[in-house]
Amino acid sequence: MLKRTKIAQLLASEQPIAEVLVKGWVRTRRDAKDFSFIEVNDGSGLKNIQIIANNTLNNYEEVKKITTGSSLAVKGALVESKGGNQKFEVVASDVEIYSLAPDDFPLQKKKHTDEYLRTIAHLRPRTNKYGAAFRVRSELSYAIHKFFNERGFRYVHTPIITASDCEGAGEMFQVTTLDINNPPRTKDGKVDYSQDFFGKEARLTVSGQLNGEMFACALGDIYTFGPTFRAENSNTTRHAAEFWMIEPEMAFADIHDDMDLAEDMVKFCIRYVMNTCADDLALFDKYVEPGLLDKLNNILNHGFARITYAEAIDIMQKSGHKFEYKPEFGIDMQTEHERFLAEQHFKRPVIVRDYPKEIKAFYMRLNDDGRTVAAMDVLVPGIGELIGGSQREERYDVLVKRIRENGMHEKDYEWYLDSRRYGSVPHAGFGLGFERMMMLVTGIGNIRDVIPFPRTPKSVNF
RNA sequence: UCCGGCUUAGCUCAGCGGUAGAGCAAUCGGCUGUUAACCGAUUGGUCGCCUGUUCGAAUCAGGCAGCCGGAGCCA
């Protein structure tokens with residue numbers, strides 16, 4: 001029995017092969033005088049293989065009906081192509097048609113807009129651009145695991161359903177089995193969650209960090225990589241309701257170890273994808289973001305700039321640049337500020353650290369100055385905030401004080417506080433939006449186009 | 001959520017008060033070792049939805065919805 005060979009493997013062949021079996025989907029068919037050219041793609045790579053289907057095939061009349069989108073199995077010889085655009089092609093000895101696509105197949109042999117392709121997200125991976133994007137997504141995921149695994153980090157599966165709302169940040173999706181049209185009520189008329197599945201209110205996670213910290217304080221270095229949910233009504237090219245987040249956490253580490261890890265990880269992942277997805281990145285460089293490869297090489301070849309928040313404010317104040325929101329110590333950084341620093345001033349990734357405590361989360365470690373915390377954000381040209389992280393507050397008393405300052409209740413964080421009661425250690429970590437790294441690496445400008453089936457406000461299709 | 005823009009054939013768009021157009025796709029035919037092939041013909045539309053102005057609305061006004069871009073929130 002002849003086994004199927006993937007097209008990427010055939011095109012990488014050193015020499016012709018007498019008999020091969022190719023399976024895939026038809027991108028286009030062109031008739032010549034006594035034969036037909038069929039371009040087939042099986043998703044193994046960007047490039048198609050050209051099939052020569054001669055009129056001597058016993059089902060040639062059927063072959064001439066093959067349309068874009070049809071599926072085939074082709075047996076034949078891999079030979080050097082007489083045409084100029086490809087090294088090899090397959091001269092078919094047998095063409096088996098699995099299924100002919102009717103003439104309403106939505107993908108035409110032309111460029112479609114991203115907006116249109118989003119309406120057929122179930123078919124768009126069959127296009128060059130989206131096939132490339134999702135191959136890169138797969139390789140980039142693997143790069144993440146490879147990076148952490150090689151450094152001795154353990155992969156921890158933190159829960160997706162949770163009762164705590166982590167940093168109190170962001171709207172959350174509620175998880176319930178109650179009948180929302182007729183929920184049980186307590187005597188005072190409130191919904192009686194004691195009768196809900198978990199016996200209390202439950203939600204989808206916005207971050208695995210607090211759970212991750214517990215495991216870092218046991219296994220040492222850990223990371224999470226999984227889906228995360230935000231019910232924010234955010235309508236931007238950089239936000240989705242469901243996205244994937246990477247959250248490493250290191251015991252016995254400070255803010256500087258954290259920044260080193262972030263920079264190493266970003267560079268490792270970029271380098272990995274440039275090695276494994278060269279064809280796909282070349283397509284993005286040509287059609288999606290001209291200059292992409294130069295940009296990525298620039299990131300690899302330079303250290304990330306590292307400054308404090310106070311220095312960042314100072315740079316902006318002295319820049320003479322006109323900002324809509326005036327840079328002053330104490331303000332939360334606006335998109336325009338982040339873009340200025342990364343794109344205009346440094347022209348490479350910048351890590352800003354030591355933010356005023358008022359604008360950052362309660363768990364970030366208070367610096368000795370008493371007014372800033374050991375938080376760091378990695379700002380990247382074109383993307384903005386790629387990573388947000390911090391050294392965690394390991395001192396029990398300080399942490400409790402910060403919880404109270406933020407109007408939160410320490411009784412909700414008893415299990416979290418245990419890690420500071422029993423063998424507390426300095427530790428640090430960060431969160432990275434996986435889709436944002438996808439956007440950085442591919443040059444694709446909309447988060448909806450780097451997730452297979454995007455979930456955004458008013459949109460849960462497929 | 002706020003601000004702005006868009007919504008006309010399968011796709012991309014033009015038309016901007018007088019009753020619907022182009023390119024591409026599709027279909028049919030021709031030509032051809034082609035490269036999103038080429039040439040010719042044909043098919044194809046309650047102009048997002050509702051209300052109003054007008055003799056007459058794709059075109060003007062109001063409302064609604066969806067999409068896109070920017071901002072906020074953040075990853």
Side-chain angles (χ1 to χ4, degrees), chain A residues 26-39 47-54 64-65 67-69 79-86 89 91 101-120 127-128 166-167 169-171 205-209 225-247 262 287 324-325 332-336 338-339 359-361 377-380 383-389 430-440 445-451 456-459 461:
Chain A
V26 175
R27 285 296 174 79
T28 174
R29 188 179 59 80
R30 295 177 288 273
D31 288 327
K33 190 155 183 251
D34 299 316
F35 60 94
S36 199
F37 295 104
I38 310 170
E39 282 195 42
K47 294 196 177 91
N48 306 323
I49 194 143
Q50 177 165 280
I51 308 291
I52 307 297
N54 284 301
K64 288 191 73 167
K65 292 179 189 160
T67 50
T68 299
V79 302
E80 285 187 21
S81 178
K82 295 176 192 169
N85 287 13
Q86 56 281 317
E89 62 192 16
V91 177
D103 59 25
D104 61 355
F105 180 62
L107 293 171
Q108 299 171 5
K109 292 184 287 185
K110 64 168 205 168
K111 183 179 161 50
H112 287 293
T113 59
D114 294 321
E115 291 79 12
Y116 171 66
L117 291 169
R118 267 171 229 153
T119 69
I120 50 169
T127 64
N128 287 339
C166 186
E167 22 198 301
E171 294 294 312
T205 182
V206 294
S207 166
Q209 181 197 314
F225 184 11
T228 309
F229 307 87
R230 302 276 165 92
E232 295 286 353
N233 189 11
S234 294
N235 293 286
T236 80
T237 53
R238 300 182 305 282
H239 295 85
E242 177 180 316
F243 63 101
W244 283 59
M245 192 150 65
I246 296 135
E247 295 179 290
Y287 297 112
E324 196 173 328
Y325 291 88
D332 215 343
M333 287 246 227
Q334 305 288 311
T335 298
E336 59 167 339
E338 297 177 349
R339 294 183 71 104
I359 59 173
K360 289 291 181 183
D377 284 352
V378 179
L379 311 179
V380 171
I383 307 287
E385 187 182 332
L386 178 69
I387 288 171
F430 62 79
L432 163 70
F434 183 60
E435 283 74 18
R436 297 222 177 141
M437 184 139 77
M438 273 293 292
M439 294 168 74
L440 173 68
N446 194 313
I447 197 168
R448 287 168 254 250
D449 299 332
V450 298
I451 308 181
T456 52
K458 297 279 154 52
S459 180
N461 302 312

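Computation of the quantities below employed the complete heavy-atom set of this structure, encompassing side-chain atoms and omitting hydrogens, waters and symmetry-equivalent molecules. Just so you know, these numbers come straight off a predicted model, no measurement behind them. Below, chain A is the first sequence line, B the second, and so on; all start at residue 1.
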Asker: Once you apply a heavy-atom cut-off of 4.0 Å, does A:His112 come out as touching a base, just sugar-phosphate, or nothing?
Answerer: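 Sugar-phosphate, backbone atoms only, no base.
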Asker: Scan every strand shown for a Watson-Crick or G-U wobble partner of B:A9, both distances under 3.5 Å, and answer none if you come up empty.
Answerer: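 No nucleotide pairs with B:A9.
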Asker: With a 6.0 Å cut-off (strictly less than), is the heavy-atom count around OH of A:Tyr116, excluding the residue itself, greater than 12?
Answerer: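 Yes, enclosed.
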Asker: To the nearest 0.5 Å, what is the distance between CZ (A:Arg29) and CD1 (A:Ile51)?
Answerer: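 Going from CZ on A:Arg29 over to CD1 on A:Ile51, the span is 13.0 Å.
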Asker: Applying a 3.5 Å limit to both distances, which nucleotide forms a Watson-Crick or G-U wobble pair with B:U1?
Answerer: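 Paired with B:U1, as far as the under-3.5 Å criterion goes, is B:A71.
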Asker: For B:U46, give its Watson-Crick or G-U wobble partner with both distances under 3.5 Å, or none.
Answerer: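 Here B:U46 is not engaged in any pair, so there is no nucleotide opposite it.
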Asker: Give A:Arg118 one of three labels, base, sugar-phosphate or nothing, depending on what nucleic acid heavy atoms sit under 4.0 Å from its own.
Answerer: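 Result for A:Arg118 = sugar-phosphate.
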Asker: Quick check: any donor-acceptor pair below 3.5 Å linking the side-chain of A:Gln50 to the base of B:U34?
Answerer: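 Yes.
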Asker: With heavy-atom distances below 4.5 Å as the criterion, would you say the side chains of A:Arg238 and A:Ile447 are in contact?
Answerer: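 A side-chain contact is absent here, since even the closest heavy-atom pair is not under 4.5 Å.
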Asker: Just how far is it from atom CD1 of A:Ile383 to atom CG of A:Leu440, taken to the nearest 0.5 Å?
Answerer: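 A:Ile383 atom CD1 to A:Leu440 atom CG measures 5.0 Å (nearest 0.5 Å).
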Asker: Going by modelled atom types, is there a donor-acceptor pair between the base of B:C73 and the side chain of A:Ser234 at under 3.5 Å?
Answerer: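 Answer is yes: a donor-acceptor pair is held.
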Asker: Compare all side-chain heavy atoms of A:Arg436 with those of A:His239 and state whether any distance is below 4.5 angstrom.
Answerer: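 Yes, their side chains come closer than 4.5 Å.
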Asker: Kindly point out which of B:A71, B:U12, B:A26 is positioned nearest to the side chain of A:Lys110?
Answerer: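 Looking only at side-chain atoms, A:Lys110 lies closest to B:U12.
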Asker: For A:Gln334, which contact category applies under a 4.0 Å heavy-atom criterion: base, sugar-phosphate, or nothing?
Answerer: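 Sugar-phosphate, backbone atoms only, no base.
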Asker: Considering every strand and a 4.0 Å limit on heavy-atom distances, what is the contact class for A:Ile246: base, sugar-phosphate, or nothing?
Answerer: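 The answer is nothing, as A:Ile246 stays clear of every strand by at least 4.0 Å.
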Asker: Would you mind telling me which of B:A26, B:G33, B:C74 lies closest to the side-chain atoms of A:Lys82?
Answerer: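 Between B:A26, B:G33, B:C74, the one nearest the side chain of A:Lys82 would be B:G33.
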Asker: Could you identify the nucleotide paired to B:A61, looking across every strand shown and requiring Watson-Crick or G-U wobble geometry with both distances under 3.5 Å?
Answerer: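 Across all strands, the one nucleotide that pairs with B:A61 is B:U51.
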Asker: Could you check whether any side-chain heavy atom of A:Gln50 comes within less than 4.5 Å of a side-chain heavy atom of A:Arg30, counting everything from C-beta outward?
Answerer: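 They are in side-chain contact.
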Asker: I'd like to compare against my own output: the B/S/- annotation of nucleotides 2-8 of chain B with a strict under-4.0 Å heavy-atom distance to protein.
Answerer: -------
Asker: If the test is side-chain contact (heavy atoms from CB on, under 4.5 Å), which one of A:Asn48, A:Thr68, A:Ile38 qualifies with A:Arg27?
Answerer: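 Single pass found, and it is A:Asn48.
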Asker: For B:A41, give its Watson-Crick or G-U wobble partner with both distances under 3.5 Å, or none.
Answerer: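 B:U27 is the nucleotide pairing with B:A41.
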Asker: Nearest of B:U34, B:U27, B:U1 to any side-chain atom of A:Thr67?
Answerer: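 Selected nucleotide: B:U27.
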